[in-house]
Amino acid sequence: QVQLVESGGGLVQAGGSLRLSCAASGRTFSTSNMGWFRQAPGKEREFVAGISWTGFTKSYADSMKGRFSIARDRNKNTVYLQMNSLKPDDTAVYYCAADAAGPVVTDVAEYDYWGQGTQVTVSS
């Protein structure tokens, strides 16, 4: 079991930055791949970024490459999403998720545990 709690969301102007955090508890966190997803109103949940349990492999959605960066601190049981050059289209609820097995994947259905989400709003 893995419990996930996101924080760091808020209101920011276009071009600004935010850093999201996902605090994890549970004995399988250290061996779980982690992902960030987002869901805007009326849209499906989409993959943002993922990181392997070792931290060596990272994956990003094309629209986030160069703007977003994922990292994990195994000592603090925390995963981060640094978001720069934010756009109004980035407005969404951002979710942290854990996948207990396999390679880093982008499919929502492959992730076993989810946080409650944190709202990010980017104003123009």
Side-chain angles (χ1 to χ4, degrees):
Q1 288 279 350
V2 179
Q3 294 78 43
L4 305 171
V5 178
E6 303 95 334
S7 62
L11 174 64
V12 63
Q13 288 188 333
S17 298
L18 282 174
R19 188 177 79 157
L20 305 183
S21 298
C22 173
S25 60
R27 62 185 181 90
T28 60
F29 170 76
S30 62
T31 57
S32 294
N33 298 327
M34 300 297 297
W36 284 98
F37 292 78
R38 70 184 186 184
Q39 188 166 18
K43 295 187 177 181
E44 293 186 351
R45 193 169 296 189
E46 64 174 348
F47 174 78
V48 173
I51 187 167
S52 64
W53 69 274
T54 61
F56 293 153
T57 300
K58 301 177 182 180
S59 178
Y60 298 94
D62 288 343
S63 62
M64 288 71 167
K65 288 180 181 177
R67 298 192 301 126
F68 291 9
S69 178
I70 190 171
R72 69 189 296 165
D73 187 328
R74 294 167 63 85
N75 291 329
K76 295 182 178 180
N77 282 2
T78 301
V79 177
Y80 304 97
L81 183 68
Q82 178 68 43
M83 305 186 295
N84 300 324
S85 302
L86 283 163
K87 308 172 183 179
D89 285 348
D90 294 319
T91 294
V93 177
Y94 283 71
Y95 297 90
C96 175
D99 177 13
V104 177
V105 293
T106 64
D107 188 349
V108 170
E110 295 292 328
Y111 285 78
D112 306 295
Y113 306 101
W114 293 84
Q116 294 300 307
T118 185
Q119 176 71 46
V120 171
T121 303
V122 184
S123 63
S124 57

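Between the CZ atom of Arg38 and the CZ atom of Arg45 there is a distance of 13.0 Å, given to the nearest 0.5 Å. Atoms CD1 and CD, on Ile70 and Gln82 in that order, are 12.0 Å from each other to the nearest 0.5 Å. Put simply, CZ on Arg74 and OG1 on Thr31 are 8.0 Å apart, with the number rounded to the nearest 0.5 Å. Taking OG of Ser52 as the reference point, atom NZ of Lys58 lies at 9.0 Å (rounded to 0.5 Å). Here the NZ atom belonging to Lys43 is positioned 6.0 Å from the CG atom belonging to Asp89, to the nearest 0.5 angstrom. With values rounded to the nearest 0.5 angstrom, Cys22 atom SG is found 7.0 Å from Phe29 atom CZ.
The minimum heavy-atom distance linking Ala98 with Ser32 is given by the pair CB-CB, 4.3 Å. Heavy-atom minimum distance, Ala40 versus Thr91: CB-O, 3.7 Å. Taking every heavy atom of both residues into account, Gly117 and Val93 meet most closely at CA-CG1, 3.8 Å. Of all heavy-atom pairs spanning Thr106 and Ser59, the tightest one is CG2-OG, 4.5 Å.
When the side chains of ILVMFWY residues are joined at heavy-atom separations under 4.5 Å, either directly or via intervening members, Val108 and Val2 end up in two distinct hydrophobic clusters. Cluster membership check: Ile51 shares its hydrophobic cluster with Phe68, using side-chain heavy-atom separations under 4.5 Å among Ile, Leu, Val, Met, Phe, Trp and Tyr. Linking ILVMFWY side-chain heavy atoms closer than 4.5 Å, directly or via other members, places Tyr113 and Val105 in two distinct hydrophobic clusters. When hydrophobic clusters are built by joining Ile, Leu, Val, Met, Phe, Trp and Tyr residues whose side-chain heavy atoms come closer than 4.5 Å, directly or via intermediates, Met64 is grouped together with Leu20. Leu18 and Val48 fall within the same hydrophobic cluster, defined by Ile, Leu, Val, Met, Phe, Trp and Tyr side-chain heavy atoms under 4.5 Å apart, directly or through other members.
A donor-acceptor contact shorter than 3.5 Å links the side chain of Asn33 to the backbone of Trp53. Looking only at distances, a side-chain donor or acceptor of Glu6 sits under 3.5 Å from a matching main-chain atom of Gln116. Between the Thr118 side chain and the Ser7 main chain, no donor and acceptor come within less than 3.5 Å of each other.
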Start with the C-alpha distance between Val12 and Thr121, add both sets of side-chain angles, then the distance that settles side chain to side chain contact (heavy atoms under 4.5 Å, CB included), and finish with yes or no.
CA-CA 6 Å; Val12 63; Thr121 303; over 6 Å; no
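Between Asp90 and Lys87 no salt bridge is recorded (no basic side-chain N to carboxylate O distance below 4.0 Å).
A cation-pi arrangement, defined by a distance under 6.0 Å to the six-membered ring centre and an angle within 45 degrees of its axis, is absent between Arg67 and Tyr60.
Tested against Tyr111 for a ring pair (Phe, Tyr, Trp, His ring centres under 6.0 Å), the candidates Tyr95, Trp36, Phe37, Phe47 yield a single pass: Phe37.
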